[in-house]
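Take a look at the structure set out below.
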Amino acid sequence: ADLTLVTDFGVNGRHAYFFVAQEKGYYRDAGLNVTIVRGQGSADAIKKVAAGSAQVGFADAASLVLARANDEVPVKLLSIVYQQPPQAIFALESSGIRSARDLVGRKVADTASSAVPLLFGAYAQKAGIAKEQVSWMVADGASLPAVLATGRADAIGQFTVGEALLQKAVAPQKLVRLAYKDVGLSYYGNGLIASESMIKQQPEVLKSFVAATLRGMQEAFRDPAGAGQILNAAQKQVDAAVAEAETKAVAELAQNPEGPMGGISVTGMRNTVDTVAGAFTLKRKVTPEEMFVPGFTPR
Amino acid sequence: MKKSTLHPAVVRTGLTALSVVAMLAVWELAVRSLQLPQWILPSPASIVQVANEWRQDLLVHSWVTLYETLVGFAAAVALALPLAMLIAFTPLLKHTIYPALLVLQSVPKVAIAPLITLWAGFGVLPKIIVVFLVCFFPIIVSATAGLESASRGRMDLMRSLRASRWQTFWRLRLPQAMPQIMVGCKVGITFAVIGAVIGEFVGSEQGLGFLILTATAQSNTPLAFSALVALTVISIVLYYLVERAEKLLVRWSD
Amino acid sequence: MKKSTLHPAVVRTGLTALSVVAMLAVWELAVRSLQLPQWILPSPASIVQVANEWRQDLLVHSWVTLYETLVGFAAAVALALPLAMLIAFTPLLKHTIYPALLVLQSVPKVAIAPLITLWAGFGVLPKIIVVFLVCFFPIIVSATAGLESASRGRMDLMRSLRASRWQTFWRLRLPQAMPQIMVGCKVGITFAVIGAVIGEFVGSEQGLGFLILTATAQSNTPLAFSALVALTVISIVLYYLVERAEKLLVRWSD
Amino acid sequence: MNLPYLDPSLLAPPTTQTPIFHVSRVSKTYETASGTTLALTGIDLDIPPGSFVSIVGASGCGKSTLLKILAGLEDATEGVVLREGRELDGPSRDVSIGFQEHVLFPWLTIEQNVMLPTEIYGMPAEASRQRVQELLRMSGLADFARRKPAELSGGMKMRAALCRALSTDPRVLLLDEPFGALDALTREELSLELLRMWEKARKTALLITHDIDEAVLLSDTVVVMSPRPGRIVEIIPIDLPRPRNEETAALPRFTQLTQHIRKLIFSPRKEAA
Amino acid sequence: MNLPYLDPSLLAPPTTQTPIFHVSRVSKTYETASGTTLALTGIDLDIPPGSFVSIVGASGCGKSTLLKILAGLEDATEGVVLREGRELDGPSRDVSIGFQEHVLFPWLTIEQNVMLPTEIYGMPAEASRQRVQELLRMSGLADFARRKPAELSGGMKMRAALCRALSTDPRVLLLDEPFGALDALTREELSLELLRMWEKARKTALLITHDIDEAVLLSDTVVVMSPRPGRIVEIIPIDLPRPRNEETAALPRFTQLTQHIRKLIFSPRKEAA
Ligand SMILES: Nc1ncnc2c1ncn2[C@@H]1O[C@H](COP(=O)(O)OP(=O)(O)OP(=O)(O)O)[C@@H](O)[C@H]1O
Ligand SMILES: Nc1ncnc2c1ncn2[C@@H]1O[C@H](COP(=O)(O)OP(=O)(O)OP(=O)(O)O)[C@@H](O)[C@H]1O
Ligand SMILES: [Mg+2]
Ligand SMILES: [Mg+2]
């Protein structure tokens with residue numbers, strides 16, 4: 001079957017395993033012909049999947065909660081890749097920021113589509129600061145390293161998997177990382193999504209897609225350097241070394257202490273929904289169960 | 001004069017209003033009949049409802065965007081006219097200025113976002129710069145074409161009077177170029193509004209662009225569309241204001 | 001004729017080249033003297049080096065963007081002229097068509113990009129649509145202004161001949177509007193190039209916009225800038241091609 | 001008929017044909033942002049088919065306005081204008097106009113400009129081209145057929161515009177000072193040429209001119225208008241024998257008529273001064 | 001001097017003053033994309049200060065071209081043009097031009113159009129306004145001072161353009177058919193007005209005209225040009241006494257001169273035909 005896969009944002013080192021699955025023929029073995037296209041943020045990826053421009057996607061679970069609650073977008077999760085919260089706030093060492101408390105009264109910038117500001121409320125609560133004491137600015141993704149390095153903002157939001165790239169950009173200055181998972185937050189990050197109609201009509205295709213992707217992940221985590229090269233060969237502008245570093249970071253996030261790689265549990269999902277509900281006023285209450293379809297990942 | 005007893009301006013405004021209403025009706029009908037989900041295209045009704053809830057914020061954000069638009073547009077006009085004048089004075093200058101303008105024009109403003117934030121930070125300045133960059137080109141191209149178009153006979157008259165370049169500019173070139181300058185301004189003002197939003201996309205804490213981005217990210221599509229509607233209203237109003245200015249400034253025909 | 005023995009076209013091209021070289025020199029010097037880090041503004045030298053490494057890809061991506069630009073621009077011209085004609089035929093139509101155009105024009109294309117991809121999918125079609133939307137407005141506004149500007153005396157001549165609307169259009173309005181239409185095209189073509197890139201930002205696997213975005217995401221700033229340079233070159237070349245077309249089409253003066 | 005020196009036997013018998021133009025109680029007021037101008041008032045005029053009528057009168061008296069009303073290009077503010085018995089509703093292809101200002105299109109060559117009406121009328125291209133070539137030769141523009149209007153002198157442009165008005169061989173010809181910018185010789189040559197053409201084909205012609213000799217030499221009737229607001233002072237039948245030519249101007253009757261007209265034009269204002 | 005009927009004693013004594021314009025062996029070729037036109041060839045002409053010179057010649061013979069060369073608006077292709085002994089380098093504020101085509105700015109009122117030169121010269125506003133008011137009154141445009149050119153008749157526009165040329169009271173006046181679009185009466189009135197003004201102030205004037213009577217009545221010298229390419233056929237000193245007025249035209253010498261000129265213009269082409 002032909003499948004178009006839309007990423008959460010761009011094609012970066014953190015997506016290497018999709019290309020591993022592609023290049024090593026795992027998709028082909030599963031009878032799939034997968035085309036990988038760039039997304040414009042999780043919200044956009046979710047809409048594209050809902051509209052059928054893409055059949056499968058890679059998007060943030062929190063964004064999906066919002067999409068289902070506010071816009072009734074008929075999309076569900078099939079599998080969770082980032083079992084841990086990937087969100088983090090990065091500052092320069094020179095800014096004097098060392099912990100969440102130092103963020104008080106500071107300006108933090110991130111893209112509008114990022115989940116970092118979306119879930120900052122939850123982070124602030126866990127870290128014991130008032131979320132109103134930090135001001136957020138919207139900035140274009142491309143300008144974020146510049147914003148940070150030139151001090152236009154005191155810190156920026158970024159996924160932990162982006163650390164290698166960011167470090168490269170602001171070198172020689174050193175980065176301070178305030179990851180959401182480090183204050184004990186536990187909710188799902190990004191996962192594989194599909195539309196409800198697709199799930200109903202072609203569950204088998206989706207199942208083999210998830211399985212092949214997980215196979216790619218395993219292979220990539222086993223050999224991050226190899227994954228980096230594969231991605232670099234497919235997408236020349238992605239540096240192999242950066243891709244290797246990002247793949248390692250993904251491997252860290254993909255650890256699932258309670259189950260198999262890629263697995264989804266109602267408890268995990270409830271944490272996610274509650275975290276989002278705590279940070280936003282949702283138009284509609286979302287149940288953890290409606291967020292995903294079970295049975296697409298190995299138990 | 002003959003059939004209608006209505007003032008033509010009333011007819012025109014009526015037609016404009018009518019076509020806007022017609023568009024809204026088609027939109028509402030399309031959404032209902034095709035049962036388009038709201039995350040694809042919310043219905044005008046739902047947008048109005050959300051816009052009403054958010055009217056305070058919409059006003060504040062609209063004001064910011066309007067301000068950026070007007071300042072950037074004014075700056076563009078204020079710079080384009082003297083530059084066009086300079087080009088009209090020394091035509092060879094065109095071939096050194098235009099390449100630079102083309103470079104500025106052809107670079108997508110979003111692509112040089114890091115540069116803009118680097119130099120101008122957040123705040124209104126970078127948006128004004130983007131507005132300026134976006135609407136400068138149409139204005140200067142039209143203005144230059146207009147200023148260059150003085151007819152042989154009229155130029156001969158001014159030459160025979162040994163009018164200075166300034167005098168020729170003020171008394172012949174500028175009035176003659178006015179209709180074309182206004183065309184440039186009409187095109188420019190619509191791009192100016194977009195420019196403000198693009199500027200806000202690059203980095204901002206307020207403005208309709210900010211609202212559109214954050215609403216989209218939070219899957220509040222009706223809110224994003226109500227911001228788009230506010231944007232469109234600003235654009236249409238500004239366009240017709242420029243057209244009004246044109247009517248006041250160009251009161252002659254050949 | 002008097003002092004210079006050079007052909008004016010040579011002088012003009014020389015000046016254009018000179019000013020481009022001057023810009024590059026200033027840029028290189030600025031980067032070196034201010035010691036700007038490369039991820040903010042790479043030096044021309046480093047861009048040239050990267051561009052050389054990537055020349056194969058740059059060519060392929062440029063070709064894609066060029067193709068989208070040209071098709072979208074051609075579509076815009078092909079649609080703007082008949083529509084402007086229609087407006088010239090029945091002036092009241094202007095007040096129903098323009099509001100719709102203003103709506104299309106004032107919505108930031110990036111903001112409705114998801115809608116466009118929803119309707120047109122991936123591939124070149126959505127980019128062509130964005131190009132079309134971006135450059136349509138300047139062309140139609142200029143064309144309408146040009147077509148409307150036929151002088152009283154000339155219109156009287158055509159009326160006295162009982163020329164049909166078509167004949168009046170082809171023999172009077174169109175040739176007379178040609179200079180203004182070309183101004184619209186000159187402005188339009190530069191926006192068309194940007195439109196292609198914006199379209200590619202929204203979703204694409206090739207083209208200079210794709211290259212700019214992915215290179216930026218990877219902090220490969222010199223590569224992003226070499227794509228920007230390619231874009232600028234395309235823009236300048238297309239602009240001067242339109243200007244050449246103008247010279248061929250408008251060979252008369254009042 | 002208060003012209004005692006006219007030999008009534010020479011007057012054309014009252015025609016029973018429907019006039020080409022019947023103008024009755026016509027007045028015209030221009031209204032603009034800066035004020036209203038009464039250009040014509042109480043105009044009564046019949047132009048029978050096949051006649052050659054000239055209008056003379058002071059600058060600004062409304063001659064061009066009257067011509068434009070007959071052409072269907074301006075609406076009369078008051079009064080009735082009939083064209084062959086029917087109410088006038090806009091321009092007609094039978095009626096060709098030579099405008100006071102030449103209105104050549106700068107993007108067309110002289111030949112293309114002159115051919116424009118024939119093309120718009122869809123007349124056979126080859127025949128029109130020959131006719132146009134002939135007209136250009138006659139008016140001394142043969143060498144300039146391929147030039148653009150900007151390369152012509154003032155008088156040459158006027159001649160090109162006259163050629164254009166004649167290019168379709170119209171039934172009715174309305175000419176607004178076609179010889180105004182021409183030197184005495186060219187003027188005489190061209191007006192005699194026009195006279196020959198008219199006497200051959202007997203189309204209807206209305207000529208606005210400032211040259212009283214020319215008006216008398218060419219016309220069946222000369223209409224003398226008063227200064228603004230334009231009224232008709234007198235309609236003078238020209239009882240000179242046809243065909244006419246250079247020699248006609250030597251007849252005593254010719255001098256009589258021209259002097260009568262000159263007196264009509266010159267005296268009222270002189271008295272006022 | 002092959003004019004046997006001229007009384008040599010009536011000729012002005014050869015002036016020793018530097019001429020305002022000295023033209024020697026001037027020729028002019030226009031080169032355009034569609035071809036070259038030889039407009040003038042071998043022109044020799046002196047215009048002494050304080051003289052009134054008229055140029056007559058066929059349409060397209062290069063009269064306007066010569067005027068533009070004297071005005072510094074066109075360069076001669078060959079030959080020398082001196083203005084008061086010095087090589088001509090472009091237009092001068094002493095020299096005022098009335099163009100053949102009126103060139104009024106449509107965005108200015110008639111008064112503003114006429115005031116334009118005085119404003120550009122920076123002349124005192126009040127004095128200029130009075131002079132302009134006087135000129136407009138003289139040319140019958142007083143009622144139209146606040147109107148835009150589009151609201152004027154063809155002849156009225158020409159008159160406005162003439163007023164503009166006179167508005168700065170220039171030392172040298174170059175007029176290209178200023179009365180071309182005017183009726184006989186207005187033409188006579190205005191040309192006599194011009195004559196009066198000139199005889200009072202004795203500025204230098206060059207007039208292009210198609211009216212031979214007018215040329216003789218006004219001028220010290222009439223220059224007769226041949227058809228294209230323009231050459232000077234004869235330079236005819238006009239030995240009529242000054243001051244001149246309507247009665248001058250009744251003198252037998254006047255008729256003699258006009259007929260001589262008419263012959264010069266009419267015969268060569270007639271013979272060729
Ligand atoms: N700008 C120009 N480009 C090319 N040829 C020109 C130009 N101006 C005039 N000519 C040519 O030069 C010749 C003389 O033109 P000019 O205008 O001097 O004639 P003129 O004597 O003033 O005629 P008229 O009495 O008709 O005004 C004409 O043959 C004309 O075609
Ligand atoms: N479009 C117009 N708008 C306003 N007034 C006009 C317009 N056209 C003509 N007039 C006025 O109408 C009057 C008559 O003008 P018209 O052109 O008919 O005169 P004319 O007899 O042709 O004069 P001329 O011999 O100077 O060409 C003038 O007073 C003029 O100012
Ligand atoms: Mg007239
Ligand atoms: Mg001339």
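Below, chains carry the letters A, B, ... as their sequence lines are ordered, and counting in each starts from 1. Atoms considered below: every heavy atom in the structure, side chains included; atoms not considered: hydrogens, waters and symmetry mates.
- For chain B, the option among C:Ala224, C:Pro99, C:Ala192 with the highest count of heavy-atom pairs below 4.5 Å is C:Pro99.
- Between the CZ atom of B:Arg12 and the OG1 atom of C:Thr96 there is a distance of 13.0 Å, given to the nearest 0.5 Å.
- C:His95 and B:Ser19 get closest at one heavy-atom pair: O-OG, 3.9 Å.
- Rounding to the nearest 0.5 Å gives a distance of 12.0 Å between CD1 of B:Ile189 and OG of C:Ser106.
- Contacts of B:Ile236 with chain C are made by both backbone and side-chain atoms, with heavy-atom separations under 4.5 Å.
- When all heavy atoms are compared, the tightest approach of B:Val183 to C:Gln180 is CG2-OE1, 4.3 Å.
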Given side-chain contact (heavy atoms from CB on, under 4.5 Å), test B:Leu231 with C:Val107 step by step and report yes or no.
-> CA-CA 7 Å; B:Leu231 206 64; C:Val107 173; 6.0 Å; no

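- Residues B:Lys109 and C:Ile194 meet the side-chain proximity criterion, which asks for heavy atoms closer than 4.5 Å.
- Ring geometry for C:Tyr98 versus B:Tyr239: interplanar angle of 30 to 60°, hence tilted.
- Contacts between B:Glu243 and chain C at a heavy-atom distance below 4.5 Å involve the side chain alone, from C-beta outward.
- Separation of the C:Phe137 and B:Phe191 ring centroids does not fall under the 6.0 Å cut-off.
- Using a 4.5 Å cut-off between heavy atoms, B:Val103 contacts chain C through both its backbone and its side chain.
- If you measure heavy-atom distances from B:Tyr240 to chain C, the contacts under 4.5 Å come from the side chain alone.
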Derivation of the side-chain contact (heavy atoms from CB on, under 4.5 Å) call for B:Leu92 and C:Leu15 | CA-CA 8 Å; B:Leu92 274 184; C:Leu15 273 174; 3.6 Å; yes

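- Of the atoms belonging to B:Leu228, it is side-chain heavy atoms, and not backbone ones, that fall under 4.5 Å from chain C.
- Contact count versus chain C (heavy atoms, under 4.5 Å) is highest, among B:Leu213, B:Val193, B:Thr16, for B:Thr16.
- Note: B:Ile40 leads B:Val20, B:Ile40, B:Val197 in heavy-atom pairs under 4.5 Å with chain C.
- Considering only heavy atoms from C-beta on, B:Leu102 stays 4.5 Å or farther from C:Thr232 through its side chain.
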